[in-house]
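What follows is one structure encoded as structure tokens, with my remarks underneath.
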Amino acid sequence: MEDPKAVDLLEAPLRIVAPPGAAPAPLTAADGERFEAVASIVAEGVRLLRRLVPKMADDLLVHVSMLAVLKAETSGGVVSASSRYVPGIVLIDEPATPIEVAEALVHEGAHEKFFDLAITREFLDVHAEDVECFETSWSHARWPLEQTFAAWHAYSCLAQFFISARTEGLGPISLLPKARERADEIGDWLLAHENDLRADARWLLHGLAGIPTDEAGGQSDLDRLAQSVELNDDDYLHVLPGVRFRVAETGRMVGARVVQPPEIFWLDTDASWLVARLQQGDRAAMSFESMLVEATEHWQADPVVADRRLRAVLGQLLRSSLLGKTNSSI
């Protein structure tokens, strides 16, 4: 970082990642030639990453908003770090070579992408805290489900990066040669516990594990959601208090529940249309029967298909506590 006030600006992330007894300090422009030399290595590392894996670089770096380099004598051996409590910020130990920077950006960029996905997609819910921990074979550390999934995602990205980076001169503490073995070990455990994951987490797990969709657990999420919702023609649906919706620049709708911590949901096309319809006029509750008539016309679908599709959408919104169900209009 060029700003000499970086220590104050980074107080929170530095405190979070600091090993016991360490007080990490970032390199800044005040460090003169030392800073300039490291800035050059970092820039070369970013160029190396973009040259070796251009698509991965574009995919991961968009989730990184700030990179800070820690002075080696103060870091306590951090190597690289990021935190879901301060998303977008990546900290790396003072690098000696560009490949160290590239590897750190893949590792922490994968974590940053996971943090963003966990906020905006259906990845984990409160029950994740009750799932048994995963124990690593290499250190016997025990990780909760969220940390396990984040580690698997990072190792999977590192393993893919290693295919293109194996000809580079790797350092002695590089994780790249071990990445595929560790990703497979964690992935096998996650597949055995996939019922504890929500729909989008399972989709990503199956995709990176190379499991075809038709082998990824039988019924589709649409089928499961449709079967899990009991709705009658005279049931009324309404937006729950404390729920807010906005349309993003992309045209997709985002919903949020005013709770601690806030819960954010990106809605698909069907759900966006349904919520927008419920918010029209005086926002009174709407009966399932009336909703089905409008949905059938709007989607230009067969009534049976529209019924199944509508139940699936309502199941998603009811389970997320964005909508409520009553037996009468409000």
Side-chain angles (χ1 to χ4, degrees), residues 1-2 6 10 13-14 17 19 24-29 31 33-84 86-117 138 149-184 186-187 204 208:
M1 294 187 65
E2 296 188 17
L10 293 173
L14 290 174
V17 306
L27 274 168
T28 71
D31 293 295
E33 292 183 1
R34 182 180 180 183
F35 172 81
E36 295 298 333
V38 168
S40 178
I41 293 174
V42 169
E44 183 58 33
V46 174
R47 286 193 290 269
L48 178 64
L49 177 62
R50 291 192 178 280
R51 177 171 61 81
L52 292 176
V53 286
K55 291 184 178 179
M56 178 181 288
D58 288 343
D59 184 49
L60 298 182
L61 292 182
V62 72
H63 298 275
V64 178
S65 58
M66 181 187 299
L67 173 67
V69 177
L70 307 179
K71 295 179 180 178
E73 68 273 17
T74 70
S75 70
V78 166
V79 183
S80 69
S82 54
S83 171
R84 64 184 177 128
V86 282
I89 299 178
V90 168
L91 308 174
I92 66 172
D93 214 342
E94 194 168 352
T97 61
I99 189 62
E100 294 177 30
V101 177
E103 178 179 342
L105 286 173
V106 171
H107 188 160
E108 303 307 330
H111 284 328
E112 295 291 355
K113 179 171 183 175
F114 169 74
F115 300 150
D116 289 344
L117 288 172
W138 57 91
F149 197 99
W152 166 79
H153 182 239
Y155 275 121
S156 296
C157 291
L158 288 170
Q160 184 66 30
F161 177 58
F162 185 44
I163 295 173
S164 301
R166 62 175 65 247
T167 58
E168 301 295 323
L170 304 179
I173 62 172
S174 172
L175 293 174
L176 293 179
K178 310 169 186 175
R180 173 46 58 200
E181 180 182 354
R182 294 185 179 182
D184 289 345
I186 302 171
L204 180 59
L208 290 185

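Residue L67 forms a side-chain contact (heavy atoms from CB on, under 4.5 Å) with just one option from L61, V42, I89, and that option is V42.
Listed by chain and residue number, nothing satisfies the side chain to side chain donor-acceptor pair (under 3.5 Å) test with R51 (two or more places apart in sequence, or in another chain). Under the rule for a side chain to side chain donor-acceptor pair (under 3.5 Å), the partners of S156 that lie at least two apart in sequence or sit in another chain are W152. For A37, the side-chain contact (heavy atoms from CB on, under 4.5 Å) test picks out no residue, with sequence neighbours left out. Every residue meeting the side-chain contact (heavy atoms from CB on, under 4.5 Å) condition with V17, not counting sequence neighbours, appears here in chain and number order: A81, L91. Not counting sequence neighbours, P54 has no partner by the side-chain contact (heavy atoms from CB on, under 4.5 Å) test. Take S40 and apply the side-chain contact (heavy atoms from CB on, under 4.5 Å) test, not counting sequence neighbours, and it matches no residue. Annotation: side chain to side chain donor-acceptor pair (under 3.5 Å) contacts of E168 (sequence neighbours excluded): none. Applying the ring pair (Phe, Tyr, Trp, His ring centres under 6.0 Å) criterion to H107, with sequence neighbours excluded, gives H111. Every residue two or more places apart in sequence or in another chain that forms a salt bridge (Lys or Arg N to Asp or Glu O under 4.0 Å) with E73 is listed here: R34.
Shown here for A159 and A179, the closest heavy-atom pair between the two residues is N-CB, 3.5 Å. Closest non-hydrogen pair, V69 versus P95, comes out as CG1-CD, 3.8 Å.
Remark: S82 OG to I92 CD1 distance equals 12.0 Å, nearest 0.5 Å.
Annotation: side chain of F162 is not in contact with side chain of L175 (no heavy-atom distance under 4.5 Å). Put simply, the side chain of V78 reaches to within 4.5 Å of the side chain of P19, judged on heavy atoms. Residues R182 and L158 fail the side-chain proximity criterion, which asks for heavy atoms closer than 4.5 Å.
Applying the salt bridge (Lys or Arg N to Asp or Glu O under 4.0 Å) test to pairs two or more places apart or on separate chains, none has a residue in residues 170-179. Residue pairs meeting the salt bridge (Lys or Arg N to Asp or Glu O under 4.0 Å) criterion with at least one member in residues 95-116, sequence neighbours excluded: D59-K113. The salt bridge (Lys or Arg N to Asp or Glu O under 4.0 Å) pairs that include a residue from residues 35-48 are E44-R47, where partners are two or more places apart or lie in different chains.
In this structure, H153 and F114 have tilted ring planes: the angle between them lies in the 30° to 60° band.
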> Between L10 and V86, is a side-chain contact (heavy atoms from CB on, under 4.5 Å) present by the stated rule, with each step listed?
Replying inline: CA-CA 10 Å; L10 293 173; V86 282; over 6 Å; no

